[in-house]
Amino acid sequence: MESKIRKTFKFVVIGGGIAGVTCVEQLSYSLPSADVALITAGSHIKAVTNYKQVAKVLEEFDVEEQPTSVLEEKFPNLTVIHSPVKTLLAQSHLVETADGHIYGYEMLCICSGARPKLLTHDKPYVLGIRDTDSAQEFQKQLTKARRIVVVGNGGIALELVYEVEGCEVIWAVKDNAIGNTFFDAGAAKFLVPSLGADKPERAAPCKRSRYTTEAQTFTAGLIVKTIFFFSRRPLTCTIASPDRHTRGRGPGHTEPGSALGPDWHRGLVLKGAEQASRRVSVEYQCEVETIFTSEEMLNSQLETYTLDTGKWPVYVKLTNGKTFGCDFVVSATGVTPNTEPFLHGNNFTLAEDGGLRVDDHMVTSEPDVYAAGDVCTAGWEHSELWQQMRLWTQARQMGWHAGRCMAARVLSEAIELDFCFELFSHITKFFNYKVVLLGKFNAQGLGSDYELLLRYTKDQEYVKVVLQKGRMVGAVLIGETDLEETFENLILNKMDLTEYGEDLLNPNVDIEDYFD
Ligand SMILES: Cc1cc2nc3c(=O)[nH]c(=O)nc-3n(C[C@H](O)[C@H](O)[C@H](O)COP(=O)(O)OP(=O)(O)OC[C@H]3O[C@@H](n4cnc5c(N)ncnc54)[C@H](O)[C@@H]3O)c2cc1C
Ligand SMILES: *[C@@H]1O[C@H](CO)[C@@H](O)[C@H](O)[C@H]1NC(C)=O
Ligand SMILES: *[C@@H]1O[C@H](CO)[C@@H](O)[C@H](O)[C@H]1NC(C)=O
């Protein structure tokens, strides 16, 4: 095998998503004369543009799909290899690509992302959405569809259900409100009227209330009937370009491309076979029990909810006892890290969620192998205000940190865990409202030992603060609240806020003055 090695690089990075590209950039900036290789399955990479540091940890940026040549022009000592990695021999420090070439590395960073968790792998008519190809496949199937079943309650399901027209949507969520990954039901309640379903009411005066944890029932009882829209800043993306399939797809084209981000549906007309506009019914607190094809349905004695046996190609039985026939099922129930090509013959420690476990230097359990982004699981002892979520922000932060750590090792410099891992932060847009999430924004892992402060102005803003022992540990800010920087500070300073009480959210008190 050794004799077949094409070239040995100082650094090899696998994957052209945000994590891989950021890692490559960081390495190339830090060590311009080092040989760096980026091995990726797709012909395009994801680039971060318009990066803006909003506060100490909060950041905002756009994501653009670009041809790989853009990177190569920027970094002359970078080689881009367009073929997916098929095998990793971690002991010998070698990778083999699908086109049969073997490359050596001194240090490797795996940034191969994740793919949608499918409800089932052995059934046709079940789709997951991950990259431009799967989004196109979805669009194609949708043009012939009269009814689809969407399963899942994260950002992708939210967008999808809102965007699809001309096709009935049955939406199965395991929670008692929609959008649970990002919102509590209180935030959901704020967003719903903005959908313009009914006559808009005038903005009511600011209401402030303090809720203890019992107030969970105040929110949990809410069942949201309408649908959110989940969009974001403009994304330059080649989804709709007709020659997408003909470009640079070598052998092994079943490898996934980069994950789409927000606005993935832009340029895609998500329209079903029927004329009617949006028709969505939500099935709450249920999961999928089984999926049958039409034949299996006919052969079974199962009584269908719709009594239309044989009419649909596929049937979904939910745990609430109902069965729905449909044209296809969209599985939007989260992601699984893309680890398979790397596991065979190697000794990686995997986390419970299937990710490659990394330490605070982004190092896996294999020597000289790092990992970043959706493929990895943060295995260090987290700051109490941070949690991993497989989002763009974290893919960038991890790729950057991995690149820094790899370069630092060459330069024999010491490096600490980056400050951005002190506090969870995410900026996005839901239904055209700016949304800022900080820390334990949904009181994750706090048990019942916390208090919530809410400020709610209809159609304008929703502010939620999570307090524990008088200290702010999390916040949700929807709308132009202008509070993100101050709140970030208050959280990071761990200041006791007891004496300020509800004034913290009093719109007539400029809290910035308090804390200067
Ligand atoms: C539809 C959708 C909507 C989303 N919306 C949002 C959102 O609104 N906000 C947000 O923050 N996040 C969102 N996300 C999540 C976000 O896209 C991911 O967290 C992020 O893209 C992860 O980046 P990554 O670099 O780790 O992986 P990816 O972007 O998945 O990139 C992985 C790369 O590895 C390559 N690869 C895979 N296997 C191999 C192999 N064997 N050999 C070589 N290369 C390989 C792929 O081609 C790809 O280039 C969304 C995801 C989806 C699918
Ligand atoms: C590329 O590497 C060579 C040495 O390997 C170095 O001389 C050159 O300056 C590097 N190029 C850039 C743009 O840094
Ligand atoms: C794999 O890792 C475990 C724990 O680190 C170690 O005990 C074992 O010897 C390793 N096996 C190989 C083949 O390297």
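All heavy atoms count here, side chains included; hydrogens, waters and symmetry mates do not. In listed order, ligands and their atoms are each counted from 1. Predicted model only: the values in this text are computed from it and were never measured.
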[X] side chain to [Y] main-chain N or O, any donor-acceptor pair under 3.5 Å?
{"X": "Ser365", "Y": "Thr349", "value": "yes"}
{"X": "Asp360", "Y": "Leu417", "value": "no"}
{"X": "Gln91", "Y": "Leu89", "value": "no"}
{"X": "His361", "Y": "Ile415", "value": "yes"}
{"X": "His44", "Y": "Glu64", "value": "no"}
{"X": "Asp418", "Y": "His401", "value": "no"}
{"X": "Gln53", "Y": "Lys56", "value": "yes"}

Does an N or O anywhere in [X] fall below 3.5 Å from an N or O of ligand 1?
{"X": "Thr393", "value": "no"}
{"X": "Val85", "value": "yes"}
{"X": "Trp392", "value": "yes"}
{"X": "Gly16", "value": "yes"}
{"X": "Phe342", "value": "no"}

[Y] and [X], any side-chain heavy atoms less than 4.5 Å apart:
{"X": "Glu168", "Y": "Asp327", "value": "no"}
{"X": "Val410", "Y": "Glu106", "value": "no"}
{"X": "His426", "Y": "Met389", "value": "no"}
{"X": "Tyr105", "Y": "Leu88", "value": "yes"}

Under the salt bridge (charged side-chain N to carboxylate O under 4.0 Å, His left out) criterion, do Glu60 and Lys434 qualify, and how do the steps go? CA-CA 11 Å; Glu60 245 181 323; Lys434 177 174 178 178; 5.3 Å; no

Have a look at ligand 1 and work out which part of [X], if any, has a heavy atom under 4.0 Å from it: side chain, backbone, both or neither.
{"X": "Thr40", "answer": "both"}
{"X": "Ala395", "answer": "side chain"}
{"X": "His426", "answer": "side chain"}
{"X": "Ile39", "answer": "backbone"}
{"X": "Pro116", "answer": "neither"}

Could you tell me which atoms of ligand 1, counted from 1 in the order shown, lie closer than 4.0 angstrom to a heavy atom of [X]?
{"X": "Pro84", "result": "42 (N), 43 (C)"}
{"X": "Ile129", "result": "53 (C)"}
{"X": "Ala19", "result": "25 (O), 26 (O)"}
{"X": "Ser112", "result": "32 (C), 34 (O), 37 (C), 38 (N)"}
{"X": "Cys111", "result": "32 (C), 33 (C), 34 (O)"}
{"X": "Pro341", "result": "41 (N)"}
{"X": "Gly42", "result": "47 (O)"}
{"X": "Gly373", "result": "26 (O)"}

Under a 3.5 Å threshold, I'd like every N/O contact between ligand 2 and protein atoms, with atom names and distance.
from     : atom 1 : to    : atom 2 : distance (Å)
ligand 2 : 2 (O)  : Asn77 : OD1    : 3.3
ligand 2 : 2 (O)  : Asn77 : ND2    : 2.3
ligand 2 : 5 (O)  : Ser33 : O      : 3.4
ligand 2 : 11 (N) : Asn77 : ND2    : 3.1

Tyr125 atom OH, over 12 foreign heavy atoms within 6.0 Å: no

Considering residues, nucleotides and ligands other than Arg404, do more than 12 of their heavy atoms fall under 6.0 Å from its CZ? yes

Non-hydrogen atom of Arg390 closer than 4.0 Å to ligand 1: yes

Aromatic plane relationship, Trp380 with Phe421 - under 30° parallel, 30 to 60° tilted, over 60° perpendicular: perpendicular

